[in-house]
Amino acid sequence: FVDAYIKTEANRLNYIRQNQKLLRVEKYKGLMDHLASENTDPQFTPGQPFILPSTFSGSPRNMHQNYQDAMAIVRKYGKPDLFITMTCNPKWEEITENLHKGQTSEFRPDLVARVFHLKLKQLLQDICKEHILGIPLAKIHVIEFQKRGLPHAHILLILAEEHKPKTTELIDKIVCAEIPDIQKFPRLHSIVAKHMIHGPCNNTTLNLPCMVSGKCSKEFPKSFQNETIQNCDGYPKYRRRDNGVGTLSHGKIINNSWVVPYNPFLLLKYNSHINVEVCASIKSVKYLFKYVYKGHDCANVLITEHKTSQHDEIKTFTDSRYVTAPEAAWRLNAFEMHHQTHTIQRLEVHLPDEQSIVFHPKNITIAVETAKTKDTTLTAWFKLNAEHPPANSILYIDIPMYYTFNKKQRQWKQRKTENNKTIGRIVFKT
Ligand SMILES: [Zn+2]
């Protein structure tokens, strides 16, 4: 699977590499300056070498753009209210039933990817269509793969005003951080015991992934708490009563301070690790978004003897990313890595003659001629305002709700009905 995916990816990257020279981006003014000085320096071609464009899913530019798009949603609707992480359970019946004799789930990344895709689809349906956590105004989700493999999804939800978990009663309804009673809720008890217990970690378990310089990075064990407290540094402190130590089904001796917050309905329905957290303040949002869009966490250092090194983003990308079999299977199936409920219209802002234009180095004169008459979203907006007075009362950033930008004609066209699934975002290019 990894080999097959790497070949597919290499083909795409190769196409990008081969077509770099055809498409260079430069400011209109820079090109005019270049034309003026053309004869003095024949070696000089404007633009930059080997760029990995944002259209390539998973590239640093793509991640950055998704982050900015997500922040545009926050600008419009406010901070997310719930942060949900769903992890694949390799013991799901749908996976184990379809294994061949003697196989384990590690041998079947195809099954893992397809079953997780279906479960996630159902979970998103429960949230977005069935409104099990309240009516969402916007949803953003991102798929991530741990280094050794299993997929998980980070979901951010912005809820309608009346459903925001603003009271401790509502928080307690959605999120639970205690071990359920084994007599009253035997099935929930066993699922929590299996999937929602952190560690236990301490000074003698330094090899656990959560341990960073002798401390648990997730801050377990959590302190006991008789009642939920709404906001402590961006997160609520959930109720964790000190009702003694119990032995769980698999023999661990544990109390409520080790429970990862969960939603009972989701656990019972999906039987996997599903962490549900309430975001109490705007402080936690940027961290969450950075975390969600952090991209591949592998560093790449280049030491060179030459004074100048080739600026090659494609090579940097392939040299410093991890591909696991489940990710390869996921991407070969063309499953989405990222999705949001809203479309983001990117709006340019630039000084006169400073707009970016794409051109072929052999056809600079033609590029300059076309750019002279080709409107950007900004110049087209100026024209719209001059010719169409109803647009005068709408801010540039809100214009995509009422008008669509026709890329061919380079014009803003009025929508038949107002569209609030499209959000404008100002972009600046350097
Ligand atoms: Zn820990």
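- A distance-only check finds a donor-acceptor pair linking the side chain of S217 to the backbone of C210 [under 3.5 Å].
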Working note: Q414 + Y402, criterion side chain to side chain contact (heavy atoms under 4.5 Å, CB included); need CA distance, chi angles, decisive distance, verdict.
CA-CA 6 Å; Q414 193 158 18; Y402 308 97; 5.8 Å; no

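- For the residue pair Y403/H388, the side-chain donor-acceptor check at 3.5 Å is satisfied.
- Ring-centre distance between F116 and H152: not below the 6.0 Å cut-off.
- Contact annotation: the side chain of I397 approaches that of I426 to within less than 4.5 Å [non-hydrogen atoms, C-beta and beyond].
- A donor-acceptor pair under 3.5 Å is absent between the side-chain atoms of H342 and the main chain of I423, judged by distance alone.
- Counting non-hydrogen atoms of other residues, nucleotides and ligands closer than 6.0 Å to CZ of F185 gives a total of 12 or fewer.
- A donor-acceptor contact under 3.5 angstrom links the side chains of N271 and H195, judged on distance only.
- The shortest heavy-atom contact between A328 and Y5 is CB-CB, 3.5 Å.
- A side-chain donor-acceptor contact under 3.5 Å links S272 to the backbone of T87.
- When all heavy atoms of P180 and L188 are compared, the closest pair comes out as CG-CG, 3.7 Å.
- Judged by distance alone, with hydrogens and angles left aside, the side-chain atoms of K79 form no donor-acceptor pair with the main-chain N or O of V74 at under 3.5 Å.
- With E144 contributing its side chain and A153 its backbone, the two residues share no donor-acceptor pair below 3.5 Å.
- Under a 3.5 Å cut-off, the side chain of T377 and the backbone N or O of E348 do form a donor-acceptor pair.
- Once rounded to the nearest 0.5 Å, the distance linking CG of L267 with NE2 of H273 reads 9.0 Å.
- The distance from atom CD1 of I135 to atom NE2 of H163, rounded to the nearest 0.5 Å, is 5.0 Å.
- Side-chain contact, H141 with K139: a donor N or O sits under 3.5 Å from an acceptor N or O.
- Between the side chains of N243 and N256, at least one donor N or O lies within less than 3.5 Å of an accepting N or O.
- For the pair N11/T8, no side-chain contact is recorded, criterion being any heavy-atom separation below 4.5 Å from C-beta on.
- Below 30°, between 30° and 60°, or above 60°: for W330 and F335 the angle between ring planes is above 60°, a perpendicular geometry.
- When all heavy atoms of S105 and I95 are compared, the pair lying nearest together is CB-CG2, 4.1 Å.
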Quick one: do L123 and M86 satisfy side chain to side chain contact (heavy atoms under 4.5 Å, CB included)? Show the steps, please.
CA-CA 9 Å; L123 174 72; M86 183 202 220; 3.9 Å; yes

Stepwise, does the side chain to side chain contact (heavy atoms under 4.5 Å, CB included) test hold for T324 with F145?
CA-CA 8 Å; T324 58; F145 293 85; 4.2 Å; yes

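- When atom types are taken as modelled, the side chain of N333 and the backbone of A329 share a donor-acceptor pair closer than 3.5 angstrom.
- When all heavy atoms of L266 and N263 are compared, the pair lying nearest together is N-OD1, 3.0 Å.
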Side chain to side chain contact (heavy atoms under 4.5 Å, CB included), that's the test. Do C88 and V112 meet it? Break it down for me.
CA-CA 8 Å; C88 177; V112 168; 3.8 Å; yes

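- S257 approaches F220 most closely through the heavy-atom pair O-CD2, 3.4 Å.
- In this structure, the side chains of R331 and M337 come closer than 4.5 Å at one or more pairs of heavy atoms.
- Counting heavy atoms from C-beta on, the side chains of N275 and P261 come closer than 4.5 Å.
- With no hydrogens or angles considered, no side-chain donor-acceptor pair links H189 and K184 at under 3.5 Å.
- No side-chain donor-acceptor contact under 3.5 Å links R346 and Q68.
- Under the 30°/60° scheme for interplanar angles, the aromatic rings of H198 and W258 are found to lie parallel.
- The shortest distance between side-chain heavy atoms of I171 and Y238 falls below 4.5 Å.
- Contact annotation: the side chain of R12 never approaches that of R17 to less than 4.5 Å [non-hydrogen atoms, C-beta and beyond].
- With contacts defined as side-chain heavy-atom distances shorter than 4.5 Å, the pair P90/L150 qualifies.
- Taking both residues in full, the closest heavy atoms of V192 and Y262 are given as CG2-CZ, 3.6 Å, listed atom of the first, atom of the second, then distance.
- Of the residues I399, N406, N385, T404, the one that meets the side-chain contact (heavy atoms from CB on, under 4.5 Å) test with W412 is I399.
- Residues satisfying the side chain to side chain contact (heavy atoms under 4.5 Å, CB included) test with L378, not counting sequence neighbours, are H350, T376, W381, F382, Y396.
- Under a 3.5 Å cut-off, the side chain of H339 and the backbone N or O of E336 do not form any donor-acceptor pair.
- Rounded to the nearest 0.5 angstrom, L157 CG and K164 NZ are separated by 10.0 Å.
- Distance check, rounded to the nearest 0.5 Å: OH of Y77 to CG of L137 gives 6.5 Å.
- Rounded to the nearest 0.5 angstrom, K121 NZ and L124 CG are separated by 10.5 Å.
- Sparse packing is recorded around CD of E93, with 12 or fewer heavy atoms of other residues, nucleotides or ligands lying under 6.0 Å away.
- Around NZ of K237, the count of heavy atoms belonging to other residues, nucleotides or ligands within 6.0 Å does not exceed 12.
- If you look at F107 and H100, their ring centroids are not closer than 6.0 Å.
- A donor-acceptor pair under 3.5 Å links the side-chain atoms of D81 to the main chain of L159, judged by distance alone.
- Using a cut-off of 4.0 Å between Lys/Arg side-chain N and Asp/Glu carboxylate O, E94 and R114 are scored as not salt-bridged.
- You'll find the side chain of Q340 reaches within 4.5 Å of the side chain of I73, heavy atoms only.
- Listed for the R75 side chain is no donor-acceptor partner under 3.5 Å among the backbone atoms of A70.
- Applying the salt bridge (charged side-chain N to carboxylate O under 4.0 Å, His left out) rule to pairs touching residues 416-425 yields D69-R425, sequence neighbours excluded.
- A distance of 8.0 Å separates OG1 of T85 from CD of E277, quoted to the nearest 0.5 Å.
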